[in-house]
Participant: 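I'd like to ask some things about the structure below.
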Amino acid sequence: MSHPVRTRFAPSPTGYLHIGGARTALFAWAYARRHGGTFILRIEDTDVARSTPEAVQAILDGMAWLGLAHDEGPFYQMQRMDRYKEVIAQMLVAGTAYHCYMAPDELERLREEQMARKEKPRYDGRWRPEAGKVLPAPPTGVQPVVRFRNPFDGVVAWDDQVKGRIEISNGELDDFIIARADGTPTYNFCVVVDDWDMGITHVIRGDDHVNNTPRQINLLQALGAPVPQYAHLSMILGDDGTKLSKRHGAVSVMQYDDDGYLPEAVLNYLARLGWSHGDEEVFSMEQFVQWFDLDHITSSAAQFNTEKLNWLNAHYLKSAVDARLAGEVAQRLAKRGIDPEAGAPLEQVAALYKDRVANLNELADALEPFCVVVHPSAEMIATHLTDVARAALKMLRGKLAECAWEKAAISAAMKETLAACGLKMPQVAMPLRVALLGQPQSPAIDAVLAVLGRDEVLGRLDRYL
RNA sequence: GUCCCUAUCGUCUAGAGGCCUAGGACAAUACCCUUUCACGGUAUGAACCGGGGUUCGAAUCCCCGUGGGGACGCCA
């Protein structure tokens, strides 16, 4: 507890915020919250060619939808160039970095030779200054890159908070480039300077960065900077067990909004994917933050399971406040060109349907017939609105025109009609559903009538009588 | 190829040497509830990758295979 916890989420704005990034952000956010720390958002936009302002916005939107608020930032690496260049200059002076004039094609050739010899491809250190070593004369007209002088022997080790102790021999590493020929700094270098400057105490990030960690630790140490704790999260696989890709599965979190998921369902699902707290399955973010720890993160990859997400979403839909649901559905209906004010009060209809659907689009589908004139198919009319049924509906209509407009009275009117016609409930309820909503399934019919309103019910009925 | 990570029901997972005849959840199946369709309830089936150790005792620790994933960029 001596140091306040500071975590960060550091996406590169080359695309939207996808489900894997969202989980990384969630865990980093939760860890900071859990320890009363600070959650920082940093945009790693040094890849100018692929970074876009749209992607930055998409990431911000995704975070906002999920409710993952950052305490500091967003910081943009492109705005920190002066600082990076300052550090590089210092390293050059200190001798922890050096200029390398090797041409890219020359480097490429070296790599190919090494691969052919079944060796790990790495820079051979030809421009690395050593005591007593004579360096070639720098070729004229060539802009050098700057390489980090990585320790030659020994091992780099850290206690990964999710994977345990990891040791990498320095012999596996090479003198990687920290500044390109045009002077711009590279990823591993920027990350290190940023994590240092921003006082990051816990680096919680994707598993694909395990290989970068030893390089970053070496750099940090060369800089005399403190080494943070690292926690590497395993990746999320697609529904079919294969790697998520743009082609399948790796959709924007905003797609889940479009698909009718509630953010709390997505959050709960993500929290439970790769982390656990005993048998707990359903919990709020408040509860999650209280429970969250690095010790119970799974170290192996997890397969995304849409069905479980659906179940959670249905669960949160059931317990959602009617007014909120009505608002969400109204927006969706409006997008379909339907006036949500046109029919029965949406809030009441939503209450009737919310425990029968798995997402907001299904809810909108269910509420739509309450707002528009429905046109059941000829086949459905033939099947349900038989002469017998119509006769019963006609009698029912008479009673409905006069009874008190509430569930019990409506139910009584139906029962009287059934008795008078010698019919069973479904024989009248089904045709009634078809006439009113255009489909033979609905919640309890008396409740549907009550909510639709007398005028609407009688009007819709009259089209068939 | 080299290095690193990883392995419990179909899926997410519980499990820190005896509480494990391996627990929960989703999904599946059956039944119950029911005014249709759902919701809900109850029940059932379903797993420790293989082989060696260590130990009185291993899902848990170690080694070797095998499977899966990642990294080896003047990308991040």
Participant: Please find out if less than 6.0 Å separates the ring center of Phe292(A) from that of Phe27(A).
Facilitator: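 Phe292(A) vs Phe27(A): aromatic centres under 6.0 Å.
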
Participant: Which part of the nucleic acid does Asp160(A) contact within heavy-atom distance under 4.0 Å: base, sugar-phosphate only, or nothing?
Facilitator: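 No contact at all - Asp160(A) keeps every heavy atom at 4.0 Å or more from the nucleic acid.
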
Participant: Base, sugar-phosphate alone, or nothing: which one does Ala444(A) contact when heavy atoms must sit under 4.0 Å apart?
Facilitator: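 Base, at least one base heavy atom under 4.0 Å.
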
Participant: Tell me which nucleotide among A7(B), U35(B), C74(B) gets nearest to the side chain of Ser299(A).
Facilitator: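 Selected nucleotide (nearest to the side chain): A7(B).
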
Participant: On a whole-Å scale, what distance lies between the P atoms belonging to G24(B) and A14(B)?
Facilitator: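 To the nearest whole Å, 15 Å.
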
Participant: Is it the case that G70(B) (base atoms only) and Asp207(A) (side chain only) share a donor and an acceptor within less than 3.5 Å, ignoring hydrogens and angles?
Facilitator: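 For Asp207(A), whose side chain was compared with the base of G70(B), there is no donor-acceptor pair (under 3.5 Å).
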
Participant: For A25(B) and G17(B), measure between their P atoms and round to the nearest Å.
Facilitator: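 One P to the other, the span is 26 Å.
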
Participant: With the side chain of Lys318(A) defined as its heavy atoms from C-beta on, choose the nearest nucleotide among U11(B), G40(B), C74(B).
Facilitator: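 Within the option list, the nearest is G40(B).
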
Participant: Given C3(B), C75(B), C4(B), which nucleotide is nearest the side-chain atoms of Arg50(A)?
Facilitator: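 Of the options given, the side chain of Arg50(A) lies nearest C75(B).
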
Participant: Reading nucleotides 18-29 of chain B from the 5' end, what letters show protein touch, with B for base, S for backbone sugar-phosphate only, - for no heavy atom under 4.0 Å?
Facilitator: -----BBBSS--

Participant: Which part of the nucleic acid, if any, lies within reach of Ser51(A) when heavy atoms closer than 4.0 Å are counted: base, sugar-phosphate only, or nothing?
Facilitator: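 Nothing, no heavy atom under 4.0 Å.
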
Participant: Touch check for Met235(A), heavy atoms < 4.0 angstrom, all strands: base, sugar-phosphate only, or nothing?
Facilitator: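 Contact class for Met235(A): sugar-phosphate only.
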
Participant: Once you apply a heavy-atom cut-off of 4.0 Å, does Asp182(A) come out as touching a base, just sugar-phosphate, or nothing?
Facilitator: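 Asp182(A): no heavy atom of the nucleic acid under 4.0 Å.
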
Participant: If you check the Tyr187(A) side chain, which of G73(B), U6(B), A76(B) turns out closest?
Facilitator: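 Comparing G73(B), U6(B), A76(B) against the side chain of Tyr187(A), the answer is A76(B).
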
Participant: Please give the distance between the P atoms of A58(B) and G1(B) as a whole number of Å.
Facilitator: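 Those two atoms are separated by 36 Å.
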
Participant: Please work out if Gly206(A) contacts a base, only the sugar-phosphate, or nothing of the nucleic acid, heavy-atom cut-off 4.0 Å.
Facilitator: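 Since no nucleic acid heavy atom lies under 4.0 Å of Gly206(A), the category is nothing.
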
Participant: Please step through salt bridge (Lys or Arg N to Asp or Glu O under 4.0 Å) for the pair Arg460(A) and Glu456(A), ending with a clear verdict.
Facilitator: CA-CA 6 Å; Arg460(A) 291 183 183 210; Glu456(A) 199 64 31; 3.0 Å; yes

Participant: Is the glycosidic angle of C9(B) within 90° of 0, making it syn, or outside that range, making it anti?
Facilitator: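 C9(B): anti.
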
Participant: Rounded to whole angstrom, note down the P distance from C39(B) over to U21(B).
Facilitator: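 Taking atom P in both C39(B) and U21(B), they lie 36 Å apart.
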
Participant: Are OP1 or OP2 of C12(B) and a side-chain N or O of Thr298(A) less than 4.0 angstrom apart?
Facilitator: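 So the side-chain polar atoms of Thr298(A) never come under 4.0 Å of the phosphate oxygens OP1 or OP2 of C12(B).
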
Participant: Is any side-chain heavy atom of Asp175(A) less than 4.5 Å from a side-chain heavy atom of Tyr98(A)?
Facilitator: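 Asp175(A) reaches Tyr98(A) side chain to side chain.
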
Participant: Between Arg180(A) (side chain only) and Val145(A) (backbone N and O only), is there a donor and an acceptor less than 3.5 Å apart?
Facilitator: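 Checking the backbone N and O of Val145(A) against the side chain of Arg180(A), no donor-acceptor pair under 3.5 Å is found.
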
Participant: May I ask you to list the residues of residues 99-106 of chain A, by number, that have any heavy atom positioned under 4.0 Å from an atom of RNA chain B?
Facilitator: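 Only Met102(A), Pro104(A) qualify.
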
Participant: What does Pro443(A) touch in the nucleic acid at a heavy-atom separation under 4.0 angstrom: a base, only the sugar-phosphate, or nothing?
Facilitator: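 Base contact.
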
Participant: Want to settle it: does His277(A) or Asp174(A) sit nearer the 5' end of RNA chain B, counting the closest nucleotide to each?
Facilitator: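 The residue mapped nearer the 5' terminus is His277(A).
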
Participant: Would you please indicate yes or no on a ring centroid separation below 6.0 angstrom for Phe75(A) and His70(A)?
Facilitator: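 Not close enough - the centres of the two rings lie 6.0 Å or further apart.
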
Participant: Contact class for Ser234(A) (heavy atom, under 4.0 Å): base, sugar-phosphate, or nothing?
Facilitator: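 Ser234(A): no heavy atom of the nucleic acid under 4.0 Å.
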
Participant: Heavy atoms under 4.0 Å, any strand shown: does Ile177(A) hit a base, just sugar-phosphate, or nothing?
Facilitator: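 Base contact - Ile177(A) has a heavy atom under 4.0 Å of at least one base atom.
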
Participant: For atom P, what is the distance between C64(B) and U2(B), given to the nearest Å?
Facilitator: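 Result for the P pair: 15 Å, nearest Å.
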
Participant: Return the nearest nucleotide to the side chain of Thr186(A); candidates are A76(B), C72(B), C4(B).
Facilitator: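 So the nucleotide nearest the side chain must be A76(B).
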
Participant: How far, in whole Å, is U6(B) from G10(B) if one measures between their P atoms?
Facilitator: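 Roughly 23 Å separates the two P atoms.
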
Participant: Under 6.0 Å between ring centres: does that hold for Tyr256(A) and Tyr269(A)?
Facilitator: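 Between Tyr256(A) and Tyr269(A), the centre distance exceeds or equals 6.0 Å.
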
Participant: Using the side-chain heavy atoms of Asp47(A), tell me which of these nucleotides is nearest: U11(B), C74(B), A76(B).
Facilitator: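 For the Asp47(A) side chain, the nearest candidate turns out to be A76(B).
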
Participant: Determine the interplanar angle of the Trp158(A) and Tyr230(A) rings, folded into 0 to 90°, and report it as parallel if under 30°, tilted if 30 to 60°, perpendicular if over 60°.
Facilitator: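 Plane angle over 60°, so perpendicular.
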
Participant: When you compare G15(B) with C9(B), how far apart are their P atoms, in angstrom units rounded to a whole number?
Facilitator: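 It comes out at 16 Å once rounded to the nearest Å.
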
Participant: Taking only the C1' atom of each, what is the distance from C48(B) to C56(B) in whole angstrom?
Facilitator: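 Between the two C1' atoms, the distance is 22 Å.
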
Participant: Could you tell me whether Arg147(A) sits above the aromatic face of Tyr123(A), with NZ or CZ closer than 6.0 angstrom to the six-membered ring centre and within 45 degrees of the axis?
Facilitator: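 Pair Arg147(A)/Tyr123(A) counts as cation-pi.
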
Participant: Could Glu44(A) and Arg205(A) be called an ion pair, given the rule that one side-chain N must be under 4.0 Å from one carboxylate O?
Facilitator: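 The answer is no: the pair does not qualify as a salt bridge.
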
Participant: Classify the nucleic acid contact of Val210(A) as base, sugar-phosphate or nothing, counting any heavy atom under 4.0 Å across all strands shown.
Facilitator: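 Contact class for Val210(A): sugar-phosphate only.
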
Participant: Polar atoms only, N or O, under 3.5 Å: list the protein pairs with nucleotides 63-67 of chain B and their distances.
Facilitator:
none

